[in-house]
Amino acid sequence: MAIEEEAEQGFIPQKKKSPSDEDKRKKKIVPGSLMKALMRPGWGDSRPSDGDQVIYHCTIRTLDGVVVESTNANNGGKGMPIRNVLGKSKMLLGLLEGIPTMLKGEIAMFKMKPQLHYGEDDCPITAPTGFPKEDELHFEIEMIDFFKAKVISDDLGVIKKVITEGKGWESPREPYEVKAWISAKTFDGKEIISRTQREPFFFTFGKSEVPKGLEMGIGTMAREEKAVIYVTSQYLTQSPFIPEVEGYEEVYFDVELAHFVQVRDMLGDGRLIKRRIQDGKGEFPMDCPLHDSLLRVHYKGMLLNEENRVFYDTRSDNNGEPLEFSSGEGLVPEGFEMCVRLMLPGEVALVTCPPDYAYDKFPRPANVPEGAHIQWEIELLGFEMPKDWTGMNFQSIMDDAEKIRSTGNRLFKEGKYELAKAKYDKVLREFNHVNPQDDEEGKVFVDTRNLLHLNVAACYLKMGECKKSIETCNKVLDVNPAHVKALYRRGMAYMEGGDFEEAKSDFQNMIKADKSSEPDARAALLKLKQKEQETKQKVQKQFRGLFDKKPGEIADVGAEDIKDKTVAKEPNKGEEGESDDNNSEDSNEVVEDVRQARWFSFWPSGRKLFSSLGLERCTIL
């Protein structure tokens, strides 16, 4: 009956979890192969489990009491205990089964058959030279400590034990500035470094100012966290903190992470650096203005090469009013905006910026010289996120979408194609969550979406990414193959990329789809014909004299440098953009100059062609 009821309820038996390698090994344990005798009781009621680091001494004896090997100094060992992480370390089968039965402080004797220690088939640990692995042996284990371990390195050379949890989730990384109280001792308790009493130790993360293993461990800590970091010799690199590391097999570091300053290398090359000098409110990065927002900041601008001369301060030069701007619209220098997006409200940051991310590509203040390196001290007062479309009616959503699209059109006309594309993409992403309620709304929605796709395609075309422009046009043409503007835009992309046949086909299909587009299509076909002729002439000129020699004659390629004049003509800075607008005409786009096709631009000029092959001359056979 029970089986029938389960079937009626649609019961599906769960697949059994495949056994781990350890589970397979434990099947080798048979009654009598592993025996335990308690020599000294431990304390507490917790026992080690998977993920715990266990620290113990081990003394191995023959059945008649002769010591084979030991870690305990009282039995002739070095005094350095064994550290294993259950479930991760390679261990003898008998210890893998026996250690999880022990309490802290307990001493137990395990009697093992050979197949439970080094005599096991496929034992993961190699037996020491001369070890009696075929004998039954006694393993005396003293459980010193066990705790949940944070494995820092895969080879278990760096392990962390958390003493006190920290605050927040952020941890230091290169090139953060770190302050921490640190002491160090060997496994036998010998002090190497005592904890600094007055001030914590200061170092820059990633500068090798502390041993590698210690830095790896601190890189997992949160503010005010206390931990012990266990570091083996291969991770004990020389540093100003511990100049001499020779002779240490393992070092225990007691660490209290007092504070760290967020320092960000924004470009990864050390040129644009953001250094937090006052913490803000909230959690990084969730509470930062990562998305386009309305921001309010106070800032002070200084010239680095003129002893930090202040050239502008909102508190004195703007009647004390903060600067208010919308991010994502190119209204402030690029380096300035990149850093503000990673700030928390109330945070103060010092930004060091190179010229190309400051005022070389942005309207330069009169008192800032060309090529100046800039330092800004910025305080983010607050920001307002854009409207959430949830709960808004369809018309309100479309009105807001049109405002964003209009901003994109303005950016396009200013030549800021990447910023314009970002605006169009933002609306397209939000459109994934918009559901028109009737046919009329559906038509408006589809028309607007198509227009946005063509805006994106125009941006790609201006950015020289013809393939992406074509792919974006296809999103419109896959649904409506007769969309005239999409055919025109794709034809222009094909022409720009040198695919003249495809371009010709699109321009001809424009006429078939809509007779009123014939003037624009004819103009585009004329432009295409001119482009083909220009390209053909350039190719002929580039390879002139290379293939017109008689058999046996030598063509001295490289006797004179053939100038490569295939460089594309750049559009004028003041030219009108191609971004589609409601009142735009396709004919305007035809008249506009587009960059020259680069179909053959990958061919090197004569001398370069052969020198790249290691030849200065070529015999034409």
Side-chain angles (χ1 to χ4, degrees), residues 22 24-50 52-147 156 159 185-190 230 232-233 247-250 252:
E22 288 186 2
K24 293 176 182 177
R25 289 181 69 199
K26 288 180 179 180
K27 289 181 180 181
K28 299 176 184 179
I29 302 173
V30 297
S33 60
L34 178 64
M35 307 290 288
K36 176 184 176 182
L38 184 64
M39 299 177 65
R40 185 183 76 186
W43 55 82
D45 55 6
S46 62
R47 290 178 168 80
S49 58
D50 273 4
D52 283 356
Q53 173 166 264
V54 290
I55 303 175
Y56 60 94
H57 275 303
C58 176
T59 300
I60 306 173
R61 295 184 177 90
T62 61
L63 296 187
D64 53 5
V66 177
V67 175
V68 178
E69 65 175 28
S70 178
T71 62
N72 198 315
N74 296 329
N75 296 316
K78 293 182 178 181
M80 180 177 177
I82 297 171
R83 286 193 302 108
N84 290 137
V85 178
L86 296 182
K88 292 186 178 293
S89 298
K90 295 178 180 180
M91 298 176 66
L92 296 177
L93 180 54
L95 297 182
L96 187 64
E97 182 73 8
I99 282 179
T101 69
M102 299 182 68
L103 300 172
K104 286 183 182 179
E106 178 182 326
I107 299 178
M109 182 72 78
F110 293 94
K111 184 179 179 182
M112 299 185 196
K113 296 287 186 182
Q115 64 267 29
L116 270 293
H117 55 78
Y118 293 103
E120 177 193 2
D121 292 336
D122 300 322
C123 181
I125 305 175
T126 303
T129 303
F131 190 91
K133 62 180 183 179
E134 302 301 328
D135 295 347
E136 190 172 3
L137 299 171
H138 283 152
F139 284 72
E140 181 186 305
I141 305 298
E142 180 186 355
M143 181 60 68
I144 300 172
D145 194 12
F146 60 84
F147 49 84
L156 309 180
I159 301 288
K185 61 183 179 182
T186 60
F187 61 84
D188 56 359
K190 179 183 176 182
Y230 299 81
T232 53
S233 58
Y248 298 127
E249 292 186 39
E250 188 169 70
Y252 303 168

(request) Would you please test Asn72 and Ser70 for side chain to side chain donor-acceptor pair (under 3.5 Å) and show each step? (result) CA-CA 5 Å; Asn72 198 315; Ser70 178; 5.7 Å; no

Sub-4.5 Å side-chain heavy-atom contact between [X] and [Y]:
X: Lys113; Y: Glu136; answer: yes
X: Met112; Y: Leu95; answer: yes
X: Tyr118; Y: Leu92; answer: yes
X: Asp145; Y: Lys104; answer: yes
X: Leu86; Y: Phe146; answer: no
X: Leu63; Y: Lys111; answer: yes
X: Pro100; Y: Arg47; answer: no
X: Arg61; Y: Leu137; answer: no

(message) Against Met143, only a single residue in Ile107, Ile99, Thr101 fulfils side chain to side chain contact (heavy atoms under 4.5 Å, CB included); can you say which?
(response) Ile99

Approximate separation, where rounding is to 0.5 Å, of [X] [atom1] and [Y] [atom2]:
X: Ile159; Y: Glu250; atom1: CD1; atom2: CD; answer: 9.5 Å
X: Thr186; Y: Met80; atom1: OG1; atom2: CE; answer: 9.5 Å
X: Asp121; Y: Arg25; atom1: CG; atom2: CZ; answer: 11.5 Å
X: Thr71; Y: Glu140; atom1: OG1; atom2: CD; answer: 9.5 Å
X: Asn84; Y: Lys90; atom1: CG; atom2: NZ; answer: 12.0 Å
X: Glu69; Y: Phe139; atom1: CD; atom2: CZ; answer: 7.5 Å

(message) Quick one: does any side-chain atom of Arg83 pair with a main-chain N or O of Gln53 as donor and acceptor, under 3.5 Å?
(response) no

(request) Just do the side-chain contact (heavy atoms from CB on, under 4.5 Å) check on Lys26 and Leu93 with the steps written out, would you? (result) CA-CA 7 Å; Lys26 288 180 179 180; Leu93 180 54; 4.3 Å; yes

Is it the case that atom [atom1] in [X] sees more than 12 heavy atoms from other parts of the structure closer than 6.0 Å?
X: Met35; atom1: CE; result: no
X: Lys28; atom1: NZ; result: yes
X: Asp64; atom1: CG; result: yes

Write down the atom of [X], the atom of [Y], and the distance for their closest heavy-atom approach.
X: Asn75; Y: Val67; value: O-CG1, 4.1 Å
X: Val68; Y: Pro132; value: CG1-CD, 3.9 Å
X: Arg40; Y: Gly105; value: NH2-O, 2.7 Å
X: Pro48; Y: Val54; value: CB-CG1, 3.7 Å
X: Ile82; Y: Cys58; value: CD1-CB, 3.9 Å

(request) Apply side-chain contact (heavy atoms from CB on, under 4.5 Å) to Thr62 and His138, showing your working. (result) CA-CA 6 Å; Thr62 61; His138 283 152; over 6 Å; no

(message) Parallel, tilted or perpendicular: which one describes the rings of His117 and Phe131, with boundaries at 30° and 60°?
(response) perpendicular

(request) Determine whether the aromatic ring centres of Tyr56 and Phe110 lie less than 6.0 Å apart. (result) no

